[in-house]
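Notes for the one structure printed next.
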Amino acid sequence: ERFDHDLDQPLLNGNYFFTDYIYPKVRQNGGRILLEGIDGDTVLSYGFGHLIELGRRLEFFSAFKNYQKLCKGRKRKPTVYDFLKSIIIKPNLPRNVNQFLRKIFGKDTWEERNLKRLKKSYHPKNLQSLIDQTYGYKRGIFINSQQNHLNEINSNIWEYIFSFSYEIACSYGIEVRLPYFNQDLIELSLSLPSNLKFSDGVDRYIFREAMKGIVPLSILKKTSKADLSSLGRNDLRKHSKTLMNYFSSNSYKLYGVVDKIYIDKCLKFLTNDKNGHLYTSVLADLYAIEKWLSKEGFDIDIEEFSKCSKI
């Protein structure tokens, strides 16, 4: 029932599971407007680019000192290896070299993991070009803090994300507003130098400082987000047998283009506490797409899909 929204497009991703927990509560309490915190982190910026810029200016001691404080705040053990890899070497390697190394060590990007859902015959010849076109800028290249921040905010994906958020909220009779994407806040954030976004091992530094006396100190000191993924994961686990039967059926519409071996792997880890979170969203997304196709009476034209994948 979580996939039965009357929408013009399939459920964007498994994160929208949470709307079925949150939006009804808003309505029950008489609410009609919801302030949605979509990607406030993108607008404010963690400021990690400041560490890379310190490294580029050969200020290695200052960069490492900030890196150590960052790790301490996040309860991670700092290592010279991780510092050199993440701050000094990786951001300064050519993009094709990083792609080659990810392939060797099996460290896929989010987009590359998504691609594994499709049969290899449908993998685009130039995935990076497709990713760049989708986002509207060259991903995986660090130019400088300000330019990279501007690229993320100007990305083509926001129009799609916003339109979907508005549409699904309307299905509950709720108006969504996005305070973090206020133009004045965006312009302010973009105008700030990187050393104000990240300072003394603290990310989003200037915004934390600005909220002192307004937001409880316990929140200002937080370095992690609440993990809500367990809500959706537990919901799927309750119906694991149904899902297994559903994806095992030869009538599943997407098996013409989806890699069944990969789906079987996702099903195997569905009830695995350690790795389950990596695969439940895959199943949720594919289930949502198939349900939407069936509801709208659509079928996938394999021949046409094959032509598109080779573009």
Side-chain angles (χ1 to χ4, degrees), residues 1-46 110-111 113-114 117 130-137 139 148-190 204 207 211 215 225-233 235-236 254 280-298 300 308:
E1 64 274 12
R2 299 199 186 284
F3 298 90
D4 287 337
H5 302 290
D6 188 17
L7 304 176
D8 292 333
Q9 54 189 315
L11 201 65
L12 179 61
N13 62 48
N15 289 339
Y16 283 90
F17 258 156
F18 308 138
T19 59
D20 282 330
Y21 296 98
I22 298 171
Y23 288 2
K25 292 290 185 183
V26 174
R27 290 298 304 272
Q28 289 170 17
N29 291 313
R32 290 294 181 272
I33 296 175
L34 181 67
L35 300 181
E36 176 67 80
I38 290 177
D39 274 283
D41 290 335
T42 298
V43 174
L44 301 182
S45 173
Y46 284 92
W110 179 77
E111 294 86 1
R113 283 200 304 273
N114 280 343
R117 305 176 189 189
L130 179 61
I131 292 172
D132 293 344
Q133 182 181 348
T134 300
Y135 283 88
Y137 65 94
R139 297 271 286 173
N148 279 57
H149 192 186
L150 179 63
N151 286 342
E152 290 176 356
I153 289 178
N154 279 338
S155 174
N156 295 334
I157 66 171
W158 297 119
E159 183 177 355
Y160 176 46
I161 291 175
F162 293 163
S163 67
F164 185 85
S165 297
Y166 292 144
E167 185 179 357
I168 198 168
C170 284
S171 71
Y172 289 91
I174 292 174
E175 178 186 347
V176 164
R177 296 184 184 176
L178 310 172
Y180 282 111
F181 280 85
N182 173 275
Q183 184 173 337
D184 291 337
L185 180 59
I186 289 175
E187 291 177 356
L188 171 64
S189 185
L190 287 172
R204 294 163 291 183
F207 296 100
M211 289 294 105
V215 175
K225 299 179 180 179
D227 182 11
L228 300 178
S229 61
S230 60
L231 293 175
R233 186 160 67 247
D235 192 72
L236 283 173
L254 295 179
T280 49
S281 62
V282 173
L283 297 173
D285 293 350
L286 293 175
Y287 183 82
I289 292 173
E290 203 277 342
K291 291 286 286 185
W292 183 80
L293 288 170
S294 297
K295 188 174 182 179
E296 297 295 327
F298 294 149
I300 291 182
C308 293

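- With values rounded to the nearest 0.5 angstrom, Leu35 atom CG is found 10.0 Å from Glu175 atom CD.
- Partners of Tyr180 under the ring-ring contact (aromatic ring centres under 6.0 Å, His included) rule, at least two apart in sequence or in another chain, do not exist in this structure.
- Considering every non-hydrogen atom in both Asn156 and Thr134, the closest pair reads CB-O, 3.1 Å.
- Put simply, CD1 on Ile186 and CZ on Phe181 are 6.0 Å apart, with the number rounded to the nearest 0.5 Å.
- Once rounded to the nearest 0.5 Å, the distance linking NE2 of His149 with CG of Asn154 reads 10.0 Å.
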Return a table of donor-acceptor pairs under 3.5 angstrom between the side chains of residues 36-45 and protein atoms on other chains or two or more places apart.
from, atom 1, to, atom 2, distance (Å)
Asp39, OD1, Thr42, OG1, 3.0
Asp41, OD1, Arg204, NH1, 2.8
Asp41, OD2, Tyr46, OH, 2.9
Asp41, OD2, Lys225, NZ, 2.8
Ser45, OG, Gly47, N, 3.1

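- No donor-acceptor pair closer than 3.5 Å links the side chain of Ser189 to the backbone N or O of Leu185.
- No side-chain heavy atom of Ser171 sits less than 4.5 Å from a side-chain heavy atom of Tyr23.
- Taking all atoms of both residues into account, the shortest heavy-atom contact from Val176 to Ala169 is CG2-CB, 3.2 Å.
- The CD1 atom of Ile153 sits 10.5 Å away from the OH atom of Tyr137 when rounded to the nearest 0.5 Å.
- Taking CG from Leu254 and CZ from Arg117, the interatomic distance works out to 11.0 Å, rounded to the nearest 0.5 Å.
- Between Trp158 and Phe162, the ring-plane angle classifies as parallel under the 30° and 60° cut-offs.
- For Asn182 (side chain) and Asp184 (main-chain N/O), a donor-acceptor pair under 3.5 Å exists by modelled atom type.
- Note that the CD atom of Glu152 and the CZ atom of Arg139 stand 7.0 Å from one another [nearest 0.5 Å].
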